[in-house]
Amino acid sequence: MEEAKVVESKDGTISVASAFAGHQEAVQDRDHKFLSKAVEEAYRGVDCGDGGPFGAVVVRNDEVVVSCHNMVLKHTDPTAHAEVTAIREACKKLGKIELSDCEIYASCEPCPMCFGAVYLFGIKRLVYGDKAEAAIAIGFDDFIADVF
């Protein structure tokens, strides 16, 4: 996938990417609403001690399917990142494992594992808040791109 297009907004920067190679889109007005829900979910997860400060929302037809946060500590599961948890729950709720009619909103740029899940389950659009550097700055260094 090409570098996501970063679009400046009055609330900060958000990035929009697609799971499909070469496909980039501009930020839409509704993106702010769903991205805000992902950020709220991140705060909720920290407040209850479930895991790191990350949230994700899966949307289909402009409706929230699920809203989840990082559950790594709660489940003692290093794969229970917000995006993976949201994808798991969306699949259960929708009764399918292919989510090409869905979008995902994440509070932060997904790590390689989470981006892989977004791609493998065919999610048509990814919108994320902060860049990976923000997570690294507070001690979350799951971004292994330099290893490759």
Side-chain angles (χ1 to χ4, degrees), residues 1-48 50-72 74-75 77-136 138 140-145:
M1 187 180 115
E2 295 176 23
E3 183 74 19
K5 181 177 182 182
V6 177
V7 180
E8 293 288 332
S9 73
K10 62 184 170 203
D11 299 320
T13 61
I14 65 174
S15 297
V16 180
S18 170
F20 301 108
H23 186 259
Q24 296 178 351
E25 296 180 28
V27 174
Q28 299 173 9
D29 287 338
R30 66 189 198 51
D31 292 338
H32 296 284
K33 175 177 80 171
F34 294 126
L35 188 57
S36 292
K37 288 188 181 298
V39 171
E40 289 169 13
E41 190 65 43
Y43 278 106
R44 190 172 302 120
V46 170
D47 288 345
C48 65
D50 287 343
F54 305 99
V57 175
V58 174
V59 174
R60 186 172 89 171
N61 299 326
D62 286 333
E63 298 282 328
V64 172
V65 176
V66 295
S67 181
C68 297
H69 55 262
N70 184 294
M71 301 289 278
V72 169
K74 181 174 183 171
H75 296 309
D77 177 357
T79 68
H81 292 193
E83 299 90 340
V84 171
T85 301
I87 290 168
R88 288 174 180 159
E89 294 302 315
C91 288
K92 285 180 194 173
K93 186 170 183 178
L94 297 173
K96 61 184 190 166
I97 61 169
E98 191 274 330
L99 301 173
S100 64
D101 57 347
C102 295
E103 300 167 291
I104 192 165
Y105 292 80
S107 59
C108 188
E109 180 178 3
C111 73
M113 175 186 70
C114 292
F115 182 77
V118 169
Y119 181 79
L120 289 173
F121 291 94
I123 295 174
K124 66 180 177 181
R125 192 161 177 261
L126 160 67
V127 179
Y128 58 87
D130 239 331
K131 299 288 284 174
E133 291 81 10
I136 292 168
I138 60 170
F140 292 91
D141 195 359
D142 294 338
F143 303 91
I144 60 171

Enter the distance from L94:CG to C102:SG here, rounded to the nearest 0.5 Å.
-> 5.5 Å
Are E40 and K37 close enough, and set up right, to give a salt bridge (Lys or Arg N to Asp or Glu O under 4.0 Å), and what steps lead you there?
-> CA-CA 5 Å; E40 289 169 13; K37 288 188 181 298; 5.3 Å; no
From SG (C68) to CZ (F54), nearest 0.5 Å | 15.5 Å
Given side chains that start at C-beta, do those of V64 and F34 come closer than 4.5 Å, heavy atoms only?
-> yes
Stepwise side chain to side chain contact (heavy atoms under 4.5 Å, CB included) test for R125 and D31 = CA-CA 11 Å; R125 192 161 177 261; D31 292 338; 2.8 Å; yes
Across all chains, not counting sequence neighbours, the salt bridge (Lys or Arg N to Asp or Glu O under 4.0 Å) partners of D101 are R60, K96
To the nearest 0.5 Å, what is the distance between CD1 (I104) and NZ (K124)?
-> 13.5 Å
Side chain to side chain contact (heavy atoms under 4.5 Å, CB included) assessment of R88 paired with F121 | CA-CA 10 Å; R88 288 174 180 159; F121 291 94; over 6 Å; no
Closest heavy-atom pair, C114 versus V84, reported as atoms and distance to 0.1 Å, is SG-CG2, 3.9 Å
Which residues pass the side chain to side chain contact (heavy atoms under 4.5 Å, CB included) test with D47, sequence neighbours left out?
-> none
In chain order, what residues pass the side chain to side chain contact (heavy atoms under 4.5 Å, CB included) check against K93, with sequence neighbours excluded?
-> V65, V66
Compare all side-chain heavy atoms of P110 with those of Y128 and state whether any distance is below 4.5 angstrom.
-> yes
Any donor and acceptor pair, going by atom type alone, linking the side chain of D77 with main-chain N or O of T79 inside 3.5 Å?
-> yes
d(T85 OG1, H69 NE2) to nearest 0.5 Å is 8.5 Å
Take H81 and C111 through the test side chain to side chain contact (heavy atoms under 4.5 Å, CB included) and record every step on the way to the result.
-> CA-CA 9 Å; H81 292 193; C111 73; 3.5 Å; yes
Determine, step by step, whether F115 and L126 satisfy the side chain to side chain contact (heavy atoms under 4.5 Å, CB included) criterion, reporting the C-alpha distance in whole Å, the side-chain angles of both residues, the deciding distance to 0.1 Å, and the verdict.
-> CA-CA 9 Å; F115 182 77; L126 160 67; 4.0 Å; yes
Partners passing side chain to side chain contact (heavy atoms under 4.5 Å, CB included) against K74 (at least two apart in sequence or in another chain) = D50, M71
Who pairs with K92 by salt bridge (Lys or Arg N to Asp or Glu O under 4.0 Å), at least two apart in sequence or on another chain?
-> E89
Taking S107 for the side chain and G55 for the main chain, is one N or O donor matched with an acceptor at less than 3.5 Å?
-> yes
So how far is it from I123 CD1 to S100 OG, rounded to the nearest 0.5 Å?
-> 10.0 Å
Can you check whether L35 reaches V57 side chain to side chain, under 4.5 Å on heavy atoms?
-> no
Where is the tightest heavy-atom contact between L99 and C91, given as atom of each residue plus distance?
-> CD1-SG, 3.8 Å
Sequence neighbours excluded, which residues qualify as side chain to side chain contact (heavy atoms under 4.5 Å, CB included) partners of L120?
-> none
Reported NZ-to-OH distance for the pair K33 and Y105, which is rounded to 0.5 angstrom | 9.0 Å
